[in-house]
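Only one structure is covered here, and it is reproduced in the block below.
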Amino acid sequence: MRALVTGGTGFVGGALVRALLARGEQVRVMARATSKTATLESMGVEIARGNILDRASIVTALEGCDTLFHAAALYDLWGLDEMELLRTETEGTQNAMEAALTVGIEKVIYTSTAVAIGEARGQTASEDTPHRGYFLSIYEKAKHAAEQVANTYLDKGLPLITVNPAAVYGPGDRKPTGRFIVNLLNGWVPALFPGWMSLVYIDDAVAGHVLAADKGRVGERYILSGTTDTLTKLGDLTCRLAGRRPPLTIPTSLVAPYAAGGEALSLITRRPPVLSWETYRLSAHGFRADGAKATAELDLQYIDPQEGFTRTINWYWQQGLLRHRPACCKPSP
């Protein structure tokens with residue numbers, strides 16, 4: 001395989017690059033002119049300077065490649081500009097698909113998100129679940145629109161396979177899920193509530209991408225989701241592993257004023273709130289996604305959540321992001 005990875009300087013894309021290199025694949029990363037790529041280059045990754053909003057640069061970057069992993073995206077549940085996000089996701093995806101079609105790429109793996117499926121309240125999403133018809137975040141709105149754009153290229157003959165990761169967590173994560181874990185273990189989360197969340201460990205998310213390229217069927221989407229539970233139970237597990245007492249649990253309805261107030265304060269501080277309004281809406285509505293199809297068709301095996309959270313907590317400690325040594329992090333002999 002000779003693969004181009006867009007988004008290869010990010011959390012998921014970077015882990016994907018490392019996994020492909022470990023398999024002995026030839027990897028090229030398309031990165032913006034301002035992106036820091038010294039670490040990638042030291043690993044033998046070829047860098048193609050470009051931008052997903054510049055179709056010609058993608059065509060140039062794809063020359064000599066047989067596989068495209070389109071993982072570039074803006075991701076957060078706070079602080080993103082809606083118009084910029086929509087443009088980046090939809091126009092960037094269109095450019096990537098058009099470039100792949102022009103070059104004649106043998107397989108395209110597109111990184112969407114399980115959030116874009118948009119299951120109704122109380123429902124667990126599968127790959128065939130129809131969208132509920134309204135959006136809980138601008139991120140969901142943009143990724144749903146981008147996936148629709150990508151799918152139009154199936155009719156043009158593009159060999160497209162879509163992967164839909166749940167909320168990705170693990171070492172290296174500094175996005176909403178990671179921030180929540182750090183805030184929780186530092187005692188900055190005053191209470192938990194029984195909203196639902198689906199998660200996938202970073203190594204499993206990356207394995208799902210690689211297996212989709214190896215075994216996935218063109219035209220299919222594959223949810224990557226290894227753990228689904230309430231925030232209360234996920235928070236309890238995290239705190240237990242770290243040797244911390246979990247915060248109290250309160251009814252979901254009482255959390256809305258806290259999330260709204262945190263958003264208002266963030267307008268002044270320009271720092272992410274402990275609980276953003278969009279995160280609250282998503283979990284209060286219930287984000288539940290079934291990753292069984294990826295296991296059945298791709299042979300993807302998911303890590304035990306206790307092991308996944310242990311590795312993640314240890315990484316945050318090693319990065320100096322936690323105030324107290326977690327119990328699951330054993331001191332060196």
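All figures in this text were calculated on a predicted structure; none of them were measured in a lab.
Sequence neighbours left out, the pairs with a member in residues 148-174 that pass ring pair (Phe, Tyr, Trp, His ring centres under 6.0 Å) are Y169-Y201, Y169-F309.
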TODO: Would you check, one step at a time, whether the test side chain to side chain contact (heavy atoms under 4.5 Å, CB included) holds for W196 with K233?
DONE: CA-CA 10 Å; W196 286 86; K233 291 183 178 179; over 6 Å; no

Task: Worked check of salt bridge (charged side-chain N to carboxylate O under 4.0 Å, His left out) between E46 and R2 - done: CA-CA 11 Å; E46 182 183 353; R2 183 169 177 80; 2.7 Å; yes

TODO: May I have the step-by-step check of side chain to side chain contact (heavy atoms under 4.5 Å, CB included) for M30 and S57, ending in yes or no?
DONE: CA-CA 9 Å; M30 194 181 79; S57 71; 4.3 Å; yes

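The shortest non-hydrogen separation linking L86 to A142 is CD2-CA, 3.6 Å. The shortest heavy-atom contact between P165 and H209 is CG-CE1, 4.2 Å. Heavy-atom minimum distance, T312 versus G170: OG1-CA, 3.2 Å. Across all non-hydrogen atoms, the minimal contact from A125 to I117 is CB-CG2, 3.8 Å. Nearest heavy-atom pair across L20 and A3 is CD1-CB, 4.3 Å. Closest approach of I47 and A31 over heavy atoms only: CG2-CB, 4.3 Å.
For H144 (side chain) and A116 (main-chain N/O), a donor-acceptor pair under 3.5 Å exists by modelled atom type. Without hydrogens or angle criteria, E147 side chain to S112 main chain gives no donor-acceptor distance under 3.5 Å.
Put simply, CE on M197 and CG on L231 are 5.5 Å apart, with the number rounded to the nearest 0.5 Å. N95 contributes atom CG, which lies 10.5 Å from atom OG1 of T88 (distance to the nearest 0.5 angstrom). Within the model, atoms CG of L184 and OG1 of T238 stand 6.0 Å from one another, a figure rounded to the nearest 0.5 Å. Here the straight-line distance linking atom CD of E127 with atom NZ of K293 works out to 4.5 Å at 0.5 Å rounding. Atoms CD and CD1, on E278 and I138 in that order, are 5.5 Å from each other to the nearest 0.5 Å.
Remark: the Q148 side chain and the H131 side chain contain no N/O donor-acceptor pair separated by less than 3.5 Å. Checking T39 against S42 by side-chain atom types alone, no donor-acceptor pair falls below 3.5 Å. Counting only N and O atoms by type, the side chains of Y222 and E297 include a donor and acceptor under 3.5 Å apart.
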Under 3.5 Å, side-chain donor or acceptor atoms of residues 242-260 against the rest of the protein: list the pairs with distances, not counting sequence neighbours.
unit_1	atom_1	unit_2	atom_2	d
R244	NE	L185	O	3.4

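Under 4.0 Å is where a charged nitrogen must lie from a carboxylate oxygen, and between R288 and E119 no such pair does. The pair R87-E82 does not meet the salt-bridge criterion, since no charged nitrogen lies less than 4.0 angstrom from a carboxylate oxygen. Between D66 and K107, no side-chain nitrogen of the basic residue sits less than 4.0 Å from a carboxylate oxygen of the acidic one, so the salt-bridge criterion is not met. Taking the charged nitrogens against the carboxylate oxygens, D54 and R49 have no contact shorter than 4.0 Å, which rules out a salt bridge. With respect to the salt-bridge test (charged N to carboxylate O, under 4.0 angstrom), the residues E307 and R311 qualify. Between E63 and R28 there is no salt bridge, since no side-chain nitrogen of the basic residue lies less than 4.0 Å from a carboxylate oxygen of the acidic one. Taking 4.0 Å as the cut-off between side-chain N and carboxylate O, E89 and K143 count as a salt-bridged pair.
Residues T37 and T9 have side chains in contact (heavy-atom distance under 4.5 Å, counting atoms from C-beta outward). Looking at heavy atoms from C-beta onward, P171 lies in side-chain contact with I202 at the 4.5 angstrom threshold. By the 4.5 Å heavy-atom criterion applied to side chains, L160 and V218 are not counted as neighbours. A heavy-atom distance below 4.5 Å is found between the side chains of V17 and L40. Taking 4.5 Å as the limit, every side-chain heavy atom of R55 sits out of range of all side-chain heavy atoms of M97. Between F69 and T6 the shortest side-chain heavy-atom distance does not fall below 4.5 Å.
Taking a 6.0 Å sphere around NZ of K156, one finds it holds more than 12 heavy atoms contributed by other residues, nucleotides or ligands.
In the hydrophobic clustering of ILVMFWY residues, with side-chain heavy atoms under 4.5 Å counting as a link, L192 and I181 come out together. Using a 4.5 Å cut-off between side-chain heavy atoms of Ile, Leu, Val, Met, Phe, Trp and Tyr, with links allowed through other members, V27 and M43 fall into the same hydrophobic cluster.
Each of M1, R23, E25 was evaluated against V210; a single residue qualifies, R23, per the side chain to side chain contact (heavy atoms under 4.5 Å, CB included) test. With V163 as reference, I109 is the one residue of I223, I109, V12, L300 to meet the side chain to side chain contact (heavy atoms under 4.5 Å, CB included) rule. Looking at L199, T227, L234 one by one, the single match for side chain to side chain contact (heavy atoms under 4.5 Å, CB included) with P305 turns out to be T227.
Scanning for salt bridge (Lys or Arg N to Asp or Glu O under 4.0 Å) contacts around R323 gives an empty result, with sequence neighbours left out.
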